[in-house]
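See below for the structure under consideration.
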Amino acid sequence: MSDRPRYRFAPSPTGFFHVGGARTALYNWALTLRTGGTFVLRIEDTDESRNSPEWTQGIIDALSWLGIDSSHPQFEGPYFQSHYAEQHKAAAMRLYEAGHAYWCDLTPEQVQERAKESGKPGYDGYSRDRGLEPGPGRVLRFKVPSGVTVVKDLVRGDVEFSNDTIEDFVLLRSNGSPMFLLANVVDDIEMTVTNVVRAEEHLPNTPKQQMLWEALGRTPPMWAHVPVLVNEQRKKLSKRRDKVALEQYKEEGILPDAMVNYLMTLGWAPAGDEEIVPWARIVDEFRLEDVNHSPAFFDVKKLSAFNGDYIRAMPLDTFIDACAPYLATGHWPADRFDQQVFNSVAPLVQTRVATLSEVPTMVDFFFLADADINEDAWNKTMSSDFAKDVLSDYCAALQTCEWSHDPLKAALETWTESRGLKLGKTQAPIRVAITGRTVGPPLFESIEIMKKDEVIRRLNSALARLS
RNA sequence: GCCCCCAUCGUCUAGUGGCCUAGGACACCACCCUUUCAAGGUGGCGGCACGGGUUCGAAUCCCGUUGGGGGUGCCA
């Protein structure tokens with residue numbers, strides 16, 4: 001066994017992959033990479049109600065999307081907690097035999113009842129000294145020793161828990177199956193985990209787990225509890241209320257690099273004034289000691305801003321490739337899509353989107369049989385007194401105009417100046433007639449890319465609607 | 001209720017006793033550029049929760065208050 005640190009990420013497969021889990025995984029991965037350690041993936045699937053094979057694959061896929069590749073030499077696993085039930089039970093029995101645990105025949109209802117009567121919540125240690133033998137309907141409880149448990153946490157420092165505030169918790173259910181606290185510790189011991197980096201919600205569990213490590217005769221790992229991610233109401237991100245599925249962001253065209261970079265700046269910041277930094281630098285600089293102590297708001301707007309930055313930084317052909325899946329689901333007839341046309345506008349699109357899913361809408365007019373005219377845009381631009389004239393005069397000018405954006409622009413400029421107007425105004429009706437919207441890629445560059453017949457047809461069609 | 005954690009612009013953060021008249025980023029606003037919208041550039045708005053200490057000196061250390069969060073299962 002080497003003295004390299006062994007980190008671990010231990011999600012339970014409850015549906016889709018959570019952005020909070022993603023950040024925890026990334027913290028562990030960055031640390032693994034820098035320290036030359038190992039990243040152990042363990043699927044905590046002991047609760048049968050939340051267990052499904054495709055969810056496990058979902059976790060592996062999500063990690064891989066984030067750049068945590070299961071074939072990387074520093075990656076180990078996945079292990080499945082459910083496969084280790086025998087070890088968990090054996091450890092529980094060792095604890096019992098060593099006097100660290102005892103059987104209790106109280107049902108959850110009875111425990112609750114006693115708590116109600118005494119006015120003190122939780123289990124009161126009723127069976128501690130009753131010397132019960134194992135039997136049906138009996139749970140095994142840990143005998144919490146007296147004293148104080150000090151959790152040494154890399155993020156928070158020493159956290160003290162008075163043991164008398166901790167009840168004798170259940171190790172084995174009445175059906176004999178092991179509980180999370182036990183399973184988690186036994187697995188960490190078996191997998192020789194040395195560093196546990198997880199979300200703050202586990203902090204109250206930690207003294208219990210540390211007692212288990214000690215009762216099992218082991219030295220507890222280094223703990224680190226990172227702050228939770230919260231929503232706008234400052235509540236822990238929840239899959240019921242909040243948009244937390246990594247998959248969903250992926251579908252919207254958030255780039256993995258942007259997601260990774262953004263997630264890493266939640267609770268931590270790289271040195272200097274820039275927060276958009278390459279992963280290699282993050283690996284180099286990330287320290288648990290520097291992680292903030294307070295919850296961080298997962299801000300989709302800022303994520304988008306990061307993403308826009310990453311999109312603009314892409315080489316053009318990479319951007320074009322990245323757009324392909326989004327273009328494939330465009331709302332135009334499939335046979336009208338023209339890759340060459342898209343390639344020509346791509347540079348103009350690249351600076352105008354924050355996510356890839358915005359791309360199809362921005363270029364749809366090239367591929368639709370007719371421009372999809374937005375009514376507000378039409379009403380706003382076609383009501384001007386020059387709308388009809390500019391449409392018809394420009395249409396006429398196009399017949400002889402050289403088909404290149406400069407002359408295309410010059411033609412309209414000449415007309416505009418002759419009327420004492422501004423190009424910003426006069427291009428509007430033309431833009432709406434051709435693209436259907438008031439905003440979009442630069443007009444003359446777009447016209448240049450389109451077929452002359454088609455442009456003229458759309459201008460005439462607008463003209464017909466006007467009169 | 002009990003236990004634990006936390007507290008710098010609206011948000012994410014820098015800051016580890018003097019470099020702070022508190023820096024950056026997102027958002028917002030204005031201007032510049034400009035064929036729309038973006039992008040880019042320039043500038044602006046805006047913060048150390050409060051009260052006590054400690055100290056020559058506190059955003060930084062201590063105590064309290066208030067406010068937020070997490071946990072409190074025969075879930076993980």
Side-chain angles (χ1 to χ4, degrees), chain A residues 10-14 44-47 49-50 81 104 106-108 111-112 119-123 137-141 151 153 155-156 159-162 164-167 169-177 179-181 183-184 199-207 225 227-228 230 232 234-236 262 265-276 290 292-299 301-306 308-309 312 348-354 362 377 381 405 408-409 412-413 416 422-428 430-432 435 437-447:
Chain A
S12 62
T14 54
E44 306 218 320
D45 56 350
T46 51
D47 181 358
S49 66
R50 41 167 103 179
Q81 187 158 74
C104 176
L106 255 35
T107 62
V111 168
Q112 217 168 44
K120 288 180 196 144
Y123 178 72
R138 294 182 178 179
V139 298
L140 186 69
R141 287 184 180 270
V151 171
D153 190 293
V155 172
R156 281 149 216 286
V159 185
E160 276 192 26
F161 296 85
S162 175
D164 54 24
T165 65
I166 300 171
E167 65 179 42
F169 53 93
V170 174
L171 261 17
L172 253 30
R173 298 184 180 92
S174 55
N175 68 5
S177 67
M179 290 280 292
F180 155 72
L181 248 16
N184 187 268
E200 191 191 353
E201 65 213 52
H202 289 288
L203 188 51
N205 286 329
T206 310
H225 290 91
V228 294
V230 297
E232 216 155 3
R234 303 242 117 223
K235 301 282 188 206
K236 190 172 76 163
Y262 176 63
T265 64
L266 251 26
W268 177 80
D273 278 347
E274 258 111 68
E275 36 190 22
I276 306 258
D290 296 334
N292 252 265
H293 296 182
S294 39
F297 169 48
F298 184 80
D299 185 357
K301 269 194 171 171
K302 189 156 180 177
L303 206 213
S304 282
F306 269 53
D309 250 51
R312 273 168 255 127
L348 305 175
V349 173
Q350 198 174 0
T351 56
R352 287 173 171 76
V353 293
M362 187 150 292
T381 54
H405 62 272
L408 249 14
K409 178 185 176 189
L412 185 62
E413 267 174 335
T416 301
K422 293 282 186 204
L423 193 59
K425 291 279 183 197
T426 57
Q427 58 91 38
I430 297 172
R431 176 183 293 279
V432 170
T435 75
R437 298 194 188 82
T438 55
V439 300
L443 219 213
F444 306 107
E445 284 77 355
S446 298
I447 293 176

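Reckoned from all heavy atoms, side chains included, excluding hydrogens, waters and symmetry mates. Chain letters run A, B, ... following the sequence lines, proteins first and then strands; every chain starts at 1.
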What integer number of Å spans the [atom1] atoms of [N] and [M]?
N      : M      : atom1 : value
B:rA49 : B:rG10 : C1'   : 15 Å
B:rC9  : B:rC2  : C1'   : 36 Å
B:rC32 : B:rG52 : P     : 49 Å
B:rG47 : B:rU21 : P     : 16 Å
B:rG43 : B:rC48 : P     : 24 Å
B:rC62 : B:rU54 : P     : 15 Å
B:rU55 : B:rG68 : C1'   : 31 Å
B:rU66 : B:rC50 : C1'   : 7 Å

Margin query: Does atom CD (A:Glu201) have a neighbourhood of more than 12 heavy atoms from anything else shown, all under 6.0 Å?
Written below: yes

Can you tell me if the side-chain N/O atoms of [X] get under 4.0 Å from OP1 or OP2 in [N]?
X        : N      : answer
A:Lys409 : B:rU35 : yes
A:Arg173 : B:rG73 : no
A:Asn292 : B:rU8  : no
A:Arg141 : B:rC74 : yes
A:Lys236 : B:rG71 : yes

Looking at [options], which one has an atom nearest to any side-chain atom of [X]?
X        : options                : value
A:Phe297 : B:rG69, B:rC74, B:rC12 : B:rC12
A:Phe161 : B:rC4, B:rA39, B:rC74  : B:rC4
A:Val228 : B:rG69, B:rG71, B:rA39 : B:rG69
A:Glu167 : B:rG73, B:rC4, B:rA14  : B:rG73
A:Arg312 : B:rA39, B:rC4, B:rG73  : B:rA39
A:Thr165 : B:rG69, B:rC3, B:rG70  : B:rC3
A:Pro121 : B:rU35, B:rG1, B:rU13  : B:rG1
A:Ala269 : B:rU36, B:rA76, B:rU13 : B:rU13

Would you classify [X] as touching base, sugar-phosphate or nothing, given that sugar-phosphate means primed atoms plus P, OP1 and OP2, and contacts are heavy atoms under 4.0 Å?
X        : result
A:Thr265 : sugar-phosphate
A:Leu443 : base
A:Lys235 : sugar-phosphate
A:Leu408 : nothing
A:Gly119 : nothing
A:Ser304 : nothing

In this structure, how many angstroms lie between the [atom2] atom of [N] and the [atom1] atom of [X], rounded?
X        : N      : atom1 : atom2 : answer
A:Arg138 : B:rC74 : CZ    : P     : 18 Å
A:Asp45  : B:rC75 : CG    : C1'   : 14 Å
A:Arg431 : B:rU34 : CZ    : P     : 17 Å
A:Glu413 : B:rU35 : CD    : C1'   : 8 Å
A:Leu266 : B:rC12 : CG    : C1'   : 7 Å
A:Glu160 : B:rC4  : CD    : P     : 9 Å
A:Asn205 : B:rG73 : CG    : P     : 11 Å
A:Glu200 : B:rA76 : CD    : P     : 21 Å

Whichever of A:Val159 and A:Phe298 has the more 5' nearest nucleotide on RNA chain B, that residue is A:Val159

Per nearest nucleotide of RNA chain B, the residue lying toward the 5' end, A:His293 or A:Pro441, is A:His293

Using purine N1 to pyrimidine N3 plus N6-O4 or O6-N4 for Watson-Crick, or N1-O2 and O6-N3 for G-U wobble, both under 3.5 Å, which nucleotide pairs with [N]?
N      : answer
B:rC56 : B:rG18
B:rG40 : B:rC32
B:rG51 : B:rC63
B:rC26 : B:rG10

At their closest point, which heavy atom of [X] faces which heavy atom of [Y], and how far apart are they?
X        : Y        : value
A:Glu275 : A:Thr265 : O-CG2, 3.8 Å
A:Ser162 : A:Thr165 : O-OG1, 2.7 Å
A:Gln350 : A:Arg312 : O-CG, 3.7 Å

Those residues at least two apart in sequence (or on a different chain) that pass ring-ring contact (aromatic ring centres under 6.0 Å, His included) with A:Phe306 are A:Tyr262

With [X], which residues qualify under side-chain contact (heavy atoms from CB on, under 4.5 Å), at least two apart?
X        : answer
A:Lys301 : A:Asp299
A:Thr416 : A:Leu412, A:Leu421, A:Leu423, A:Thr426
A:Glu232 : A:Phe297

Distance criterion of 3.5 Å, no angle test: do you see the side chain of [X] paired donor-to-acceptor with the base of [N]?
X        : N      : value
A:Ser174 : B:rC74 : yes
A:Glu445 : B:rU35 : yes
A:Arg352 : B:rC37 : yes
A:Arg234 : B:rU11 : no

Contacts of A:Arg352 meeting salt bridge (Lys or Arg N to Asp or Glu O under 4.0 Å) (sequence neighbours excluded), chain-then-number -> none

request  = Answer whether the closest heavy-atom distance between the side chains of A:Met179 and A:Val139 falls below 4.5 Å.
outcome  = no

Enumerate the protein-to-nucleotides 25-27 of chain B contacts in which both atoms are nitrogen or oxygen and the separation is below 3.5 Å.
{"residue": "B:rA25", "atom": "O2'", "partner": "A:Glu275", "partner atom": "OE2", "Å": "2.4"}
{"residue": "B:rA25", "atom": "N3", "partner": "A:Lys302", "partner atom": "NZ", "Å": "2.9"}

- Using modelled atom types only, decide if a donor and an acceptor are shared between the side chain of A:Ser177 and the backbone of A:Arg173 within a distance under 3.5 Å. no

